[in-house]
There are 2 protein chains.
Amino acid sequence: MEKITATTIFESLSSGVRLDVYRLLVKKGAEGMVAGEIGSSLDVPPANLSFHLKTLTHAGLITVCQEGRFQRYRANLPLMMELIGYLTEACCNGNPAQCGDFSSQTLCPQSIDTQSVMNSKPTA
Amino acid sequence: MEKITATTIFESLSSGVRLDVYRLLVKKGAEGMVAGEIGSSLDVPPANLSFHLKTLTHAGLITVCQEGRFQRYRANLPLMMELIGYLTEACCNGNPAQCGDFSSQTLCPQSIDTQSVMNSKPTA
DNA sequence: AGGTCGTTTCAATAGTTCAATAAATATTGT
DNA sequence: ACAATATTTATTGAACTATTGAAACGACCT
């Protein structure tokens with residue numbers, strides 16, 4: 001996956017409206033929803049919804065099919081899977097065993113050598 | 001997970017610089033990197049890097065520990081796992097069997113037969 | 001053809017973000 | 001305390017994003 005693809009996806013989901021739309025479509029699965037349904041479900045005015053649907057579509061996160069005068073939208077789950085793979089690529093330098101330790105280390109309380117800390121001056 | 005948390009995370013990763021930083025830290029795993037290392041690895045000026053590190057930290061995607069005059073940053077992988085769970089929550093209305101069909105349906109080229117379209121109502 | 005419905009585009013406004021500079025802060029070693 | 005290094009903060013202006021109503025477009029039905 002190219003970087004520009006990933007950032008475009010993240011940018012798409014950085015809006016509350018678009019996040020709601022995407023999650024709603026994920027929930028609906030292969031059935032998808034037409035624009036009007038989405039709009040009434042989430043209470044978003046047509047023009048605004050259209051704007052956000054266009055953004056999501058452009059990012060590839062959702063797809064659209066014309067059904068007569070309706071536009072049916074569906075979530076593109078494979079792209080999300082690809083994105084996750086991109087993010088966790090070469091995770092922990094290829095030592096997945098380390099990954100399990102993350103939860104205890106992200107707060108980084110004791111990860112610093114005790115002696116070094118002890119010898120350092122306190123915040124005067 | 002709250003919506004605002006998710007959108008903040010996505011917004012954080014919508015910048016190419018921040019995406020690079022995050023992926024670099026994911027690669028480094030529990031070891032992490034100090035700000036200077038990150039900056040020289042990615043060739044980002046200090047002030048700009050600091051701005052992006054702050055954004056990522058605020059979103060909770062990375063954590064920071066002080067080590068003397070160095071700031072060591074680490075990726076917060078558990079949060080990413082939580083985010084993925086939030087996105088795929090109630091996927092396909094709880095029918096995971098449908099999820100496998102996504103790849104063939106997202107492109108929706110012939111998935112909708114012309115005749116069906118002609119006769120079908122939107123909400124099925 | 002004419003009327004209606006679903007959806008998108010347009011234009012204007014308001015608010016927000018980004019990167020670069022320069023200055024400030026915090027920590028270390030002398 | 002002083003100088004040097006590492007990092008953060010503040011400021012600036014240009015560029016971008018979100019929202020809305022009105023208008024336009026395309027597809028359906030009679």
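Looking at the side chain of Q71(B), the nearest of the listed nucleotides dT8(C), dA27(D), dT7(D) is dT7(D).
The side chain of Y73(B) places an N or O atom within less than 4.0 Å of a non-bridging phosphate oxygen (OP1 or OP2) of dT8(D).
Side-chain contact check for R18(B) versus T55(B): some heavy-atom pair is nearer than 4.5 Å. Annotation: side chain of K3(B) is in contact with side chain of D20(A) (closest heavy-atom distance under 4.5 Å). Side-chain contact between V17(A) and L42(A): absent, with no pair of heavy atoms (C-beta onward) separated by less than 4.5 Å.
Spacing between atom NE2 of H58(A) and atom P of dT9(C) amounts to 13 Å, rounded to whole angstrom units. Note: CZ (R72(B)) to C1' (dT8(D)) measures 19 Å, nearest angstrom. Distance CE (M33(A)) to P (dT7(C)): 11 Å, rounded to an integer number of Å. Straight-line distance from the CD atom of Q66(B) to the C1' atom of dT5(D): 14 Å, rounded to whole Å. For the pair I38(A) CD1 and dG6(C) P, the computed distance is 14 Å after rounding to whole Å.
Closest approach of L53(B) and A35(B) over heavy atoms only: CD1-CB, 4.1 Å.
Residues from residues 46-57 of chain B lying near DNA chain D, meaning a heavy-atom separation below 4.0 Å, are P46(B), A47(B), S50(B), K54(B) in numerical order. Within residues 9-20 of chain A, no residue has any heavy atom closer than 4.0 Å to DNA chain C.
When the salt bridge (Lys or Arg N to Asp or Glu O under 4.0 Å) test is applied to E89(B), the partners found at least two apart in sequence or on another chain are R23(A). Residues satisfying the side chain to side chain contact (heavy atoms under 4.5 Å, CB included) criterion with F10(A), sequence neighbours excluded, are A6(A), L83(A), L87(A), F10(B), L13(B), S14(B), L19(B). In this view, K54(B) satisfies the salt bridge (Lys or Arg N to Asp or Glu O under 4.0 Å) rule with no residue, not counting sequence neighbours.
In this structure, CD on E11(A) lies 11.0 Å from CG on L56(A), to the nearest 0.5 angstrom. L49(B) contributes atom CG, which lies 11.0 Å from atom CG of D43(B) (distance to the nearest 0.5 angstrom).
For a distance-only test at 3.5 Å, the side chain of R69(A) fails to qualify as a donor-acceptor partner of the base of dC28(D).
Between its opening and closing five pairs, the helix from dA1(C)-dT30(D) to dT30(C)-dA1(D) changes axis direction by 30°, a value rounded to 10 degrees.
Hydrophobic cluster membership differs between F70(B) and L24(B), with clusters built from Ile, Leu, Val, Met, Phe, Trp and Tyr side chains linked at under 4.5 angstrom.
None of K28(A), H52(A), Q71(A), M33(A) except one satisfies the side-chain contact (heavy atoms from CB on, under 4.5 Å) rule with I38(A); the exception is M33(A).
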